[in-house]
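Okay, so here's the structure we're looking at.
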Amino acid sequence: MAQADDSDDGMDEFMEKFKTQKYKNAFTESNWEEEFDKVPMFMKSAPEQIDPVKHPELACIQSIIHDDDRPPEEQAKSLKDEGNEYFKEKNYKKAIVAYTAGLKKNCSDSDLNAILYTNRAATHFHLGNMRSALNDATAAKKLKPDHIKAIIRGAQCCMELRNYAVALQWCDEGLRILPTEKKLQELRATADKQKRAADRDARKAKAKEKKERNERGVLLAAIKERGIRLLKPEQPQRRGSDSEDDGADVSAAAMAELHLDGLSTQEATGAQVYLDEQGVLHWPVLFLYPEYRQTDFISAFCENSSFIDHLVVMFGEELPPWDTDRKYYPQNLQLFFEDHEKGHVYEVDLEKSLLSILQHPGCSVKAGTPSFIVLVKESPFCKQFLSGKKVQRLK
């Protein structure tokens with residue numbers, strides 16, 4: 001748009017001066033036919049030999065029409081120069097078109113082709129097309145192995161792609177050709193520093209992963225040792241697996257694949273069961289209040305703590321705002337869990353510890369979070385909720 005504005009401003013100035021001075025080169029009645037005959041569009045016949053000085057417009061048209069008659073090397077060089085002009089103007093997309101057209105001429109000058117590839121690599125680099133830039137730099141180096149500009153560009157691309165080991169290879173290759181090249185020396189120093197840092201980070205990540213894997217193994221062993229059953233979300237049976245033992249040991253199957261499914265809670269907190277330094281398990285536990293469609297989440301319920309310990313804190317001095325009837329006092333509450341396989345409901349003794357309940361054969365941990373239903377004893381909702389269910393009280 002700026003160029004268009006400049007052109008318009010120049011035309012206004014050009015036309016403005018004719019208000020004060022006469023146009024000197026205008027056609028006259030005596031020469032207008034002669035002058036029109038010089039314009040290609042109005043020529044009656046073209047001269048046999050076109051002189052670029054006398055007929056510059058015809059020479060330009062002839063050049064366009066007969067461009068393919070020029071040698072491929074000459075055409076490729078013109079396109080390279082055109083691309084360079086676009087590059088200087090930061091019109092990188094048009095520069096790529098020009099360099100690509102030059103390469104398509106398939107000229108026999110390998111040095112010229114290497115320059116076309118290198119220049120196109122630079123253009124791709126400025127557009128952020130690092131893979132394409134690296135491919136062009138590689139093609140240029142293949143045509144001209146000692147082409148330092150191509151080698152520098154290849155090293156720069158590898159740095160941007162964070163492939164520091166390959167960047168070092170490019171730098172070393174270039175420095176063998178030109179040991180004093182400052183850019184390559186700087187690139188090599190940076191690549192070496194970044195590679196060392198990346199290698200160090202990779203070692204740390206590997207050590208951390210190994211530590212977490214070992215901790216997870218110890219955790220799973222502790223859960224298995226306690227006889228706690230873990231349920232994973234249901235998954236379709238794998239084709240070709242018809243073994244009778246596939247569903248025999250739910251805990252063992254869960255143990256084998258508990259990186260997420262068996263131990264990660266689905267709660268927004270992301271809390272997970274963990275084993276403390278004393279070898280005690282702490283579980284994320286969910287309390288459900290179906291009467292009011294409310295829940296409570298305890299992120300770390302010690303396995304040795306009793307349910308009443310938590311209920312006294314939760315429903316002690318201050319009752320929850322949703323308990324409008326003021327009936328959720330600890331002494332009024334009953335706790336239940338469901339047997340997901342048999343459909344039975346078990347009433348929990350509030351004085352029992354979490355561990356003793358999790359070890360019951362009818363109890364299982366789903367999605368890494370034990371869940372319990374809390375009801376008000378002998379309330380109409382409690383009777384309605386338990387109606388039709390097989391309720392058993394744990395001894």
Side-chain angles (χ1 to χ4, degrees), residues 71-210:
E73 289 76 16
E74 189 177 332
Q75 296 179 51
K77 186 178 182 304
S78 296
L79 288 163
K80 181 207 73 171
D81 294 339
E82 181 183 332
N84 290 350
E85 290 301 318
Y86 284 130
F87 186 89
K88 290 175 185 176
E89 296 170 4
K90 296 185 179 181
N91 194 337
Y92 300 126
K93 291 183 179 180
K94 285 190 175 181
I96 287 176
V97 171
Y99 294 137
T100 303
L103 288 166
K104 286 182 178 179
K105 296 302 178 182
N106 295 320
C107 74
S108 58
D109 188 341
S110 59
D111 285 353
L112 177 56
N113 286 331
I115 292 171
L116 284 165
Y117 274 119
T118 304
N119 290 1
R120 193 172 71 175
T123 311
H124 276 304
F125 185 88
H126 283 281
L127 285 173
N129 304 331
M130 298 304 160
R131 297 278 179 194
S132 298
L134 181 58
N135 290 338
D136 280 348
T138 303
K141 184 164 69 75
K142 188 175 181 180
L143 289 170
K144 191 178 180 182
D146 61 348
H147 194 13
I148 292 297
K149 283 189 177 180
I151 293 173
I152 291 173
R153 186 64 65 192
Q156 289 173 331
C157 292
C158 290
M159 289 295 293
E160 292 295 323
L161 293 169
R162 299 185 180 184
N163 195 340
Y164 305 119
V166 179
L168 284 171
Q169 294 175 6
W170 280 83
C171 292
D172 289 342
E173 191 172 345
L175 289 170
R176 282 195 293 270
I177 299 167
L178 190 62
T180 57
E181 174 53 53
K182 190 174 180 181
K183 275 190 178 180
L184 284 175
Q185 290 173 350
E186 292 173 353
L187 278 169
R188 195 193 187 289
T190 304
D192 184 61
K193 182 179 178 181
Q194 296 290 350
K195 182 178 181 298
R196 290 174 185 272
D199 290 345
R200 183 181 64 248
D201 291 344
R203 287 194 298 271
K204 285 183 179 179
K206 190 174 182 180
K208 182 180 178 183
E209 182 183 354
K210 183 178 179 180

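Residue K80 places its NZ atom among more than 12 non-hydrogen atoms of other residues, nucleotides or ligands, all under 6.0 Å distant.
Looking only at side-chain heavy atoms (C-beta outward), I151 and I177 come within less than 4.5 Å of each other. Side-chain contact between V166 and L161: absent, with no pair of heavy atoms (C-beta onward) separated by less than 4.5 Å. For the pair M130 and L134, the minimum side-chain heavy-atom distance is 4.5 Å or more. Using a 4.5 Å heavy-atom threshold, the side chains of P72 and N106 count as separate.
Screening residues 129-186 for ring pair (Phe, Tyr, Trp, His ring centres under 6.0 Å), with sequence neighbours left out, gives no hits.
For the atom pair CD1 (I152) and SG (C157), the distance works out to 12.0 Å, reported to the nearest 0.5 Å. Note that the SG atom of C158 and the CD atom of Q194 stand 13.5 Å from one another [nearest 0.5 Å]. Once rounded to the nearest 0.5 Å, the distance linking OG of S110 with NZ of K142 reads 13.0 Å. Atom CZ of residue R176 and atom SG of residue C171 lie 11.0 Å apart, to the nearest 0.5 angstrom. For the atom pair CG of N135 and NE2 of H124, the computed distance is 8.5 Å after rounding to the nearest 0.5 Å. L178 CG to I148 CD1: the interatomic distance, rounded to the nearest 0.5 Å, is 5.0 Å.
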Cut-off 3.5 Å, no hydrogens considered: what does the side-chain donor-acceptor table look like for residues 196-208, sequence neighbours left out?
from: R196; atom 1: NE; to: D192; atom 2: OD2; distance (Å): 3.0
from: D199; atom 1: OD2; to: K195; atom 2: NZ; distance (Å): 3.0

Using side chain to side chain contact (heavy atoms under 4.5 Å, CB included), reason through L103 and R120 one step at a time and then give a plain yes or no.
CA-CA 10 Å; L103 288 166; R120 193 172 71 175; 3.8 Å; yes
Assess whether side chain to side chain contact (heavy atoms under 4.5 Å, CB included) is satisfied between R188 and L184, documenting all intermediate values.
CA-CA 6 Å; R188 195 193 187 289; L184 284 175; over 6 Å; no
Stepwise salt bridge (Lys or Arg N to Asp or Glu O under 4.0 Å) test for E173 and K141
CA-CA 11 Å; E173 191 172 345; K141 184 164 69 75; 3.2 Å; yes
Walk me through whether T118 and R153 qualify under side chain to side chain donor-acceptor pair (under 3.5 Å).
CA-CA 8 Å; T118 304; R153 186 64 65 192; over 6 Å; no
For N84 and Y99: C-alpha separation, side-chain torsions, deciding distance, then whether side chain to side chain contact (heavy atoms under 4.5 Å, CB included) applies.
CA-CA 9 Å; N84 290 350; Y99 294 137; 2.6 Å; yes
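Of all heavy-atom pairs spanning L112 and C107, the tightest one is CD2-SG, 3.9 Å. Across every non-hydrogen atom of A137 and A150, the tightest pair is CB-O, 3.6 Å.
With sequence neighbours excluded, the residues that form a side chain to side chain contact (heavy atoms under 4.5 Å, CB included) with D111 are D109, K144.
Checked against the 6.0 Å centroid criterion, the rings of F87 and H126 qualify as a close aromatic pair.
Side-chain atoms of E73 come within 3.5 Å of backbone atoms of S108 as a donor-acceptor pair (strictly under, hydrogens ignored).
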